[in-house]
Amino acid sequence: MSASPLHKASPHESALRHVTGTARYTDDLPAPAGMLHAVIVASPHAHARIILRDGTAARGMPGVRAVLFADDVPGHNRVGPIVHDEPVLAEDEVLHVGMPVALVLAETRAQAKAAARAVVVGYDPLPALLDLDAALAAGSFLNDPHVIARGDLDATFGAADLVLEGETRIPGQDHFYLETHVARAIPEEGGCWKIVSSTQHPTEVQRMVAHALGIGAHEVTCEVPRLGGGFGGKESQAANVAALAAVGAARTGRPVSLWLDRGEDMGSTGKRHPFLARWRAAFTREGRIRALDVKIWNDGGFALDLSPAVLDRALYHLDNTYHLEACRFEGRCCRTHLPSNTAFRGFGGPQGVIVVEDVIERAAVALGLDPVAVRRVNYYGARPGSGEERAPYGQVVPAPRIAAMHDALLTSSDYATRRTSIDAETAAARAALTAGTATPAQRWLRRGLALQPVKFGISFTNAPLNQAGAFVLVYADGTVQLNHGGTEMGQGLHTKMRAIAADVFGIGVERIRVMNTSTEKVPNTSATAASSGTDLNGQAVLEACRTVRDRMAQVAADELGCGRDAVTFAGGSVSAPTGTTMTFAALAQRAWARQVSLSATGFYRTPGIAYDRASGQGTPFFYFAYGVSLAEVEVNGLTGEAVVRRVDILHDVGDSLNPALDLGQIEGAFVQGMGWLTNEEVLFRPDGKVLTRGPSTYKIPAAGDVPRDFRVTLLPHAAQDGTIGGSKAVGEPPLLHGIAVAHAIKDAVAGFAAAPGAVVHVGLPSTPERILLAIEDLRAGAPADTVTG
Ligand code: MTE
Ligand code: HPA
Ligand code: MOS
């Protein structure tokens, strides 16, 4: 029989079903009898007063069963994860292009679509704010500023060798999950509702559906089979889709399916937050960053959604891996007339890190130093006698792993040799150009290298969210059903949860079935987000399984004639120290016969998390995950294209619960981060309509874009105290390694200048167009391009 699956590489539990197309997603489930199809009538205006609503013509069309407006919402028309500021259906105003104004329900989707075009809505357009600059100029905000500060800024700036000032603009990103938003609402007996949803947050769906219908949470269940990707886009916003489906079902008494096609999804839902940062920084001649003063703003879109939490995480990551003597970080969320921007892998953390990395890169050029060396001298715990160090918000950064990881990666990636060889190649190309002997490659190709360190705080920064539950059922034949509060979106959470249970019971994973996530099994769950799905649910699963195992151990002790604590569970057997054994199945049967309960719940709360927003001080994180990466790119000066030639990553996942899954998460996150900063570009028309609505116009990385040579290593001997199996969260932190590609591109572009040390601003995302403009500017000797999206 199998040994424990914990800490071993194994495929995703649904891998075979994923690749054979037999894994069932929400819309693959058999349609309940009489299911209607819902289609949204969406606002074509970014901001307008609604002066007319008429569903008469649409109601008369074939197959149409209802046309609903805001007044038809039975309970409350306002939903939202922190405050209820998002109408389920627009009231007297529309606040972004794509805002739902009406819902059409028909027997077929084609009929619903046809009728949606016949719904008459009159608008009186109003002025709209469509980006951060417009919002700032108009003073349009969603919340009050949040400030984190320490040290004496004025004194530190006064004593600096180098003071730099600048602005950093960070673009948005579409989630581009393979499965777009979808929900089904199914009437049950007694005015109750079952919702099947592609959501990272079943409890939020349950809560918002109950709110919109004006009923209790107990009258709604939400079940999640699996998601075809969420990436944060289904943390809060799946609830709006589910609420619409539920309203349709409540008004017609029929089951309702609502899914957004790719264009609707990209055109109406929130994205990663664009950020604007204005900063000044003080450095010593040796490259020590002494002070950093930053103001950041994110574009929250029309409603609050999770924007304040995203902004907070950006503030908490403005230090990245660097110790700052003095700093002042201030952040605020802007309100615009765009879809409400939302969680996206990294949740503001990457945006914060990009700011300080931009500062470091610019300082390195100004000081004539290698940015890799500038990073090294600034790490937490890296300076002689640095002792215990604290992040700007006061949390201790214990035993920082970053400097040692940096050194290890430089060695394993052969950094020094490769840096020298690239510099020599660039110098030779310059000389050949001057001499008029340049080969085409010397004229048009340049290589660049960049290193990116990562420190990422793990926990929900909203402390109460750091809790989870589980419910395990052992059947009398020795097989197990496992329920926990997390959702499976491809990251492998169920695979890890099953391995934890298998380890506790000492049985093979094939005897354990992880059930669809459901609010009727585990209540009051948090979103599967903040990379904490395994940390939180794993501990709850562990506790639930141990409770049942301890009861079974008592039965085994009686049967085998030993003490309860001497019983061991392994390899499908239960044994006494004497060697007498019985199978796990036989024990389950005996426990049943002896009337012992074979089910239990488990619960976990992360200890020690607290933060005081007023003082900007506290312990928002349970621990930090670390990583470091080195990217090498080649830029083509004729086409502006960048090829990622090689990437080396050393990443800290603690003692990995499943190295194969963790490797996949690191590779996938890196590629997603790289895509964000290179070829993915969300574009809006001047009237606020999203132009990039599908794969033809929005370029996520394809197979040919991944690094040609991709070497990912998990940090060895990295067990973390107090976490499940000594592991660390992996979902989001490695996305930040993608930043290395943007800096490597800049390094390569600098090679097109006539002499070393040129100041280069490519702008983000660093698309071929931006790269070409930056190269042209360098050639012309003009100031570098600062165009941004
Ligand atoms: N991996 C896949 N395949 N699909 C996803 O949607 N979401 C990411 C990450 N990895 C995602 C993914 C995000 S945003 C988070 S927060 C974590 O997974 C959530 O899952 P975890 O906490 O179980 O790691
Ligand atoms: N990360 C992800 N999602 C969240 C967080 C967080 O810190 N806080 C609230 N939702
Ligand atoms: Mo992830 S952005 O926390 O869902």
Side-chain angles (χ1 to χ4, degrees), residues 12 14-15 18 23 81-82 173 175-179 198-201 203-204 224 226-238 270-273 304-317 341-352 456-466 468 484-497 517 525-538 541 606 609 611 620-622 625 653 657-658 661-673 676 724 727-736:
H12 191 284
S14 289
H18 288 158
I82 299 177
Q173 182 181 23
H175 298 86
F176 221 105
Y177 23 62
L178 289 184
E179 179 204 33
S198 179
T199 177
Q200 294 172 237
H201 199 344
T203 291
E204 181 76 359
V224 181
R226 56 163 62 74
L227 294 76
F231 306 112
K234 297 168 181 172
E235 176 169 344
S236 59
Q237 302 201 348
K271 307 178 192 319
R272 185 188 290 283
H273 289 77
L304 199 65
D305 188 83
L306 298 167
S307 297
V310 171
L311 187 99
D312 290 354
R313 189 170 278 276
L315 290 172
Y316 298 142
H317 285 78
N341 287 319
T342 194
F344 195 140
R345 205 170 194 172
F347 204 79
Q351 290 97 322
F456 196 86
I458 302 300
S459 288
F460 283 99
T461 57
N462 179 4
L465 299 180
N466 296 291
H484 61 85
T487 57
E488 175 58 49
M489 55 191 112
Q491 85 277 42
L493 178 60
H494 284 356
T495 313
K496 288 182 173 175
M497 297 304 102
T517 315
T525 53
S526 293
T528 306
S531 303
S532 62
T534 296
D535 284 20
L536 300 175
N537 294 287
V541 165
T606 313
I609 306 224
Y611 183 77
F621 304 118
F622 190 35
V653 295
L657 293 181
N658 183 329
L661 290 178
D662 288 352
L663 188 70
Q665 283 292 295
I666 295 167
E667 290 174 347
F670 168 84
V671 170
Q672 195 165 36
W676 168 38
I724 181 76
S727 67
K728 282 188 177 185
V730 68
E732 298 167 285
L735 181 127
L736 287 81

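Counting starts at 1 for both ligands and their atoms, in listed order.
- Residues K234 and L227 form a side-chain contact, since some pair of their non-hydrogen atoms from C-beta on lies under 4.5 Å apart.
- The shortest non-hydrogen separation linking T487 to T528 is N-OG1, 2.7 Å.
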List ligand 1's nitrogen or oxygen atoms that come under 3.5 Å of a protein nitrogen or oxygen, with the partner atom and distance.
unit_1	atom_1	unit_2	atom_2	d
ligand 1	1 (N)	Q665	NE2	3.1
ligand 1	3 (N)	G490	O	3.4
ligand 1	4 (N)	M489	O	2.9
ligand 1	6 (O)	G230	N	2.7
ligand 1	6 (O)	F231	N	2.9
ligand 1	10 (N)	R345	NH2	3.3
ligand 1	10 (N)	Q665	OE1	2.7
ligand 1	20 (O)	Q491	NE2	3.1
ligand 1	22 (O)	S531	O	3.4
ligand 1	22 (O)	S532	N	3.2
ligand 1	22 (O)	G533	N	2.7
ligand 1	23 (O)	Q491	NE2	3.0

Short N or O separations between ligand 2 and the protein, below 3.5 Å:
unit_1	atom_1	unit_2	atom_2	d
ligand 2	3 (N)	E235	OE1	3.2
ligand 2	3 (N)	E235	OE2	3.0
ligand 2	7 (O)	R313	NE	3.4
ligand 2	7 (O)	R313	NH2	3.2
ligand 2	7 (O)	T461	N	3.4
ligand 2	10 (N)	E235	OE2	2.8

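- Ligand 3 has a nitrogen or oxygen under 3.5 angstrom from a nitrogen or oxygen of E732.
- Ligand-side atoms of ligand 3 in range of A529: 3 (O), 4 (O), range being under 4.0 angstrom from any heavy atom.
- Taking OG1 from T461 and CZ from F621, the interatomic distance works out to 6.5 Å, rounded to the nearest 0.5 Å.
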Derivation and outcome, salt bridge (charged side-chain N to carboxylate O under 4.0 Å, His left out), residues D662 and K496: CA-CA 10 Å; D662 288 352; K496 288 182 173 175; 2.7 Å; yes
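- The contact set between ligand 3 and F344, taken as ligand atoms under 4.0 Å from a residue heavy atom, comprises 2 (S).
- The side-chain heavy atoms of K271 and Q173, taken from C-beta on, include no pair separated by under 4.5 Å.
- Ring centroids of H317 and F347 are separated by 6.0 Å or more, keeping the two rings apart.
- Under 4.0 angstrom from ligand 3, the non-hydrogen atoms of R345 all belong to its backbone.
- The N/O atoms of A530, backbone and side chain alike, include one that comes under 3.5 Å of an N/O atom in ligand 3.
- Side-chain atoms of N466 and F622, non-hydrogen and from C-beta on, never get closer than 4.5 Å to each other.
- Heavy-atom contacts of G232 reach the following atoms of ligand 3: 2 (S), 4 (O) (cutoff under 4.0 Å).
- Under the 4.0 Å criterion applied to side-chain N and carboxylate O atoms, E732 and R313 are not assigned as salt-bridge partners.
- Of all non-hydrogen atoms in A468 and N537, the two that sit nearest each other are CB-OD1, 3.5 Å.
- Every atom of ligand 3 is numbered from 1 in the order shown, and the set under 4.0 Å from a heavy atom of Q200 is 4 (O).
- Residues P733 and I458 have side chains in contact (heavy-atom distance under 4.5 Å, counting atoms from C-beta outward).
- One distance of note links NE2 of H494 with NE2 of H484; it measures 4.5 Å at 0.5 Å rounding.
- Between N462 and I82, every side-chain heavy-atom pair lies at or beyond the 4.5 Å cut-off.
- With no hydrogens or angles considered, a side-chain donor-acceptor pair links T342 and S236 at under 3.5 Å.
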